[in-house]
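Before any comments, here is the structure.
Quick caveat, the model's predicted, so the values are computed rather than measured.
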Amino acid sequence: MRKRITLKHIANEFDVSIATVSKALSDSHEISVKTKQKIREYAIEHNYKPNSVALSLLNKKTKTIGVIIPNIMNTFFAKVFAGIEEKAAENGYSLISCISNESHEKELKTMELLKNGTLDGFILSLAEETQVKENYQHLRNAINEGLPMVLFDRVTDAIECDKVIVDDFEGARHATNHLINTGCKRIALISVIDNLSVGKLRAKGYEKALIENGIEIDPRLIVKIGKHEDFETSMKIVLSDTSIDGLLCLEESSAVQSLELVKRMHYKIPEDLSIICFTNGKLPQYVSPKITTISQHGKYIGETAATMLINRLQGDTDAPFETKVIKTSLIKRESTRSSF
């Protein structure tokens, strides 16, 4: 079997450096026309194919971005990844993607593995355990080693880097106002993400809307369900209060489960009970009735994060860090009544 020819083989043939061969093949003005012609003819004759890793190491750029997301089963993160991939491909970058599965240890080990390889920078959303532990040293280490980073959605003020965040506070405030404006007076907040920064912001937005409308905040209606608790049992206890006429679910799976439960309990939706949830994935669109959602524009978030990182990689690495805020949109469907 014929061995694949490398830059080193060509360099040895002409008694020049590997850098000279690389420059000759990329038509650099630093190399004489005669030398370029000889090296190119030899490369063509011997079917030379560029080794992208070798060239990237030579140029100290790999055109590769590491992406770490907490949960691939979440529609929002899948949409963000699609946006990152599209924008990266447009600019000639490849992706190495990993899933932390909400584990701090896995996030840490993944970063260590990737930054020791051929990588130009990171785009990531923090794992739940990382936010609970507030342990961000692995992120500082990567930045200190010269790897630019963009955090999205789940971020922290403890790390100085570029960020893309959703206006979760305003999204929840707007959704709660919509429930109030359509006649709801006793709105329960259902959160299975209380450990996350986004969950806390959404809860604050809900509370702000109640205050603005002169509705007293009732702690009994702020329902936080842990991952090890039985969701249906917890919700049956909540819904034993038949005065509740609205649910704001802070993520979509809890909304779908709540919808199925209240239908079994013979509530009419939206006449007896209205439901709104974050985010606008496929599940809320294909249940009956279809659920009103707060869209976070995941694909656009991914495009924005990738653009920010690529701009930093290709431009001024010492430019001030930016935080871009993406506004949400309320998509009205069958689970809420029309405004008065």
**Asked** Does the K324 side chain pair with the main chain of I165, one donor and one acceptor, at a distance under 3.5 Å?
**Response** no
**Prompt:** Going through the checks in order, is the side chain to side chain contact (heavy atoms under 4.5 Å, CB included) test met by V198 and F278?
**Reply:** CA-CA 11 Å; V198 294; F278 287 80; over 6 Å; no
**Prompt:** Do any N or O atoms from the side chain of K163 and from the backbone of T156 form a donor-acceptor pair under 3.5 angstrom?
**Reply:** yes
**Prompt:** Honestly curious: do M111 and L108 fall in one hydrophobic cluster under the side-chain, below-4.5 Å linking rule?
**Reply:** no
**Asked** Do any N or O atoms from the side chain of R186 and from the backbone of T242 form a donor-acceptor pair under 3.5 angstrom?
**Response** no
**Any T35 side-chain heavy atom under 4.5 Å of F14 side chain** = no
**Asked** Under a single-linkage definition using a 4.5 Å side-chain heavy-atom cutoff for Ile, Leu, Val, Met, Phe, Trp and Tyr, are I180 and I244 assigned to the same hydrophobic cluster?
**Response** yes
**Request:** Begin with the C-alpha distance, continue with both residues' side-chain angles, and end with the deciding distance and a verdict on side chain to side chain contact (heavy atoms under 4.5 Å, CB included) for I190 and F231.
**Result:** CA-CA 10 Å; I190 311 301; F231 183 87; 4.1 Å; yes
**Message:** Using side-chain heavy atoms (C-beta onward) and a distance below 4.5 Å, is T304 in contact with F152?
**Reply:** no
**Prompt:** Between Y136 and L126, is a side chain to side chain contact (heavy atoms under 4.5 Å, CB included) present by the stated rule, with each step listed?
**Reply:** CA-CA 9 Å; Y136 308 113; L126 298 173; 3.8 Å; yes
**Request:** Output yes when K227 and E128 qualify as a salt bridge under the 4.0 Å nitrogen-oxygen rule, no when they do not.
**Result:** yes
**Prompt:** Any donor-acceptor pair under 3.5 Å linking the side chain of D120 with the backbone of K63?
**Reply:** yes
**Request:** Check whether any side-chain heavy atom of T130 sits under 4.5 Å from a side-chain heavy atom of H138, and report yes or no.
**Result:** yes
**Asked** With the 4.5 Å side-chain cut-off for hydrophobic clustering, are L313 and F321 part of the same group?
**Response** no
**Item:** CD/E105: more than 12 non-hydrogen atoms of other groups inside 6.0 Å
**Value:** no
**Item:** Non-hydrogen side-chain atoms of R312 and M308 separated by less than 4.5 Å
**Value:** no
**Message:** Any non-hydrogen side-chain atom of D167 less than 4.5 Å from a side-chain atom of F169?
**Reply:** yes
**Message:** Does this structure show an ion pair linking E207 with K204, if we count only N-O contacts that are shorter than 4.0 Å?
**Reply:** no
**Asked** So, the side chain of Q131 versus the backbone of S197: is there a donor-acceptor pair under 3.5 Å, distance only?
**Response** yes
**Side-chain donor-acceptor contact under 3.5 Å, N141 with E145** = no
**Item:** Donor-acceptor under 3.5 Å (S22 side chain, I18 main chain)
**Value:** no
**Item:** Connected via hydrophobic side-chain network under 4.5 Å: I326 and I69
**Value:** yes
**Asked** Under 4.5 Å between any side-chain heavy atoms of L239 and Y267, yes or no?
**Response** yes
**R202 and its side chain to side chain contact (heavy atoms under 4.5 Å, CB included) partner, picked from I193, L196, L189** = I193
**Message:** Donor-acceptor check, side chain of E303 to backbone of K87, threshold 3.5 angstrom: yes or no?
**Reply:** no
**Prompt:** How about L151 and C161: do any of their side-chain heavy atoms sit closer than 4.5 Å?
**Reply:** yes
**Request:** Would you mind reporting whether H9 and H46 have side-chain heavy atoms less than 4.5 Å apart?
**Result:** no
**Item:** Residues E112, K109; criterion salt bridge (charged side-chain N to carboxylate O under 4.0 Å, His left out); working and verdict
**Value:** CA-CA 5 Å; E112 288 297 317; K109 288 182 176 179; over 6 Å; no
**Asked** Is the shortest side-chain N to carboxylate O distance from E232 to K236 below 4.0 Å?
**Response** yes
**Prompt:** According to a 4.5 Å side-chain heavy-atom criterion applied to Ile, Leu, Val, Met, Phe, Trp and Tyr, with indirect links allowed, do V132 and I159 form part of one hydrophobic cluster?
**Reply:** no
**Side-chain donor or acceptor of T292 paired with backbone N/O of R333 under 3.5 Å** = yes
**Request:** Using modelled atom types only, decide if a donor and an acceptor are shared between the side chain of D245 and the backbone of C184 within a distance under 3.5 Å.
**Result:** no
**Asked** If you count the non-hydrogen atoms of other residues, nucleotides and ligands that lie under 6.0 Å from CD in E160, is the total more than 12?
**Response** no
**Message:** Could you check whether atom CG of N144 has more than 12 heavy atoms from other residues, nucleotides or ligands sitting under 6.0 Å from it?
**Reply:** yes
**Request:** Decide yes or no on side chain to side chain contact (heavy atoms under 4.5 Å, CB included) for R40 and D27, but give the supporting numbers first.
**Result:** CA-CA 9 Å; R40 283 177 165 183; D27 200 23; 3.0 Å; yes
**Request:** Without swapping roles, check the side chain of E107 against the backbone of S100 for a donor-acceptor pair under 3.5 Å.
**Result:** no
**Request:** Hey, could you give me the CG/CG distance between D218 and L210, rounded to the nearest 0.5 Å?
**Result:** 9.5 Å
**Message:** For a quick test of reading the model, state the closest non-hydrogen atom pair linking I187 to L248 and the distance between them.
**Reply:** CG2-N, 4.4 Å
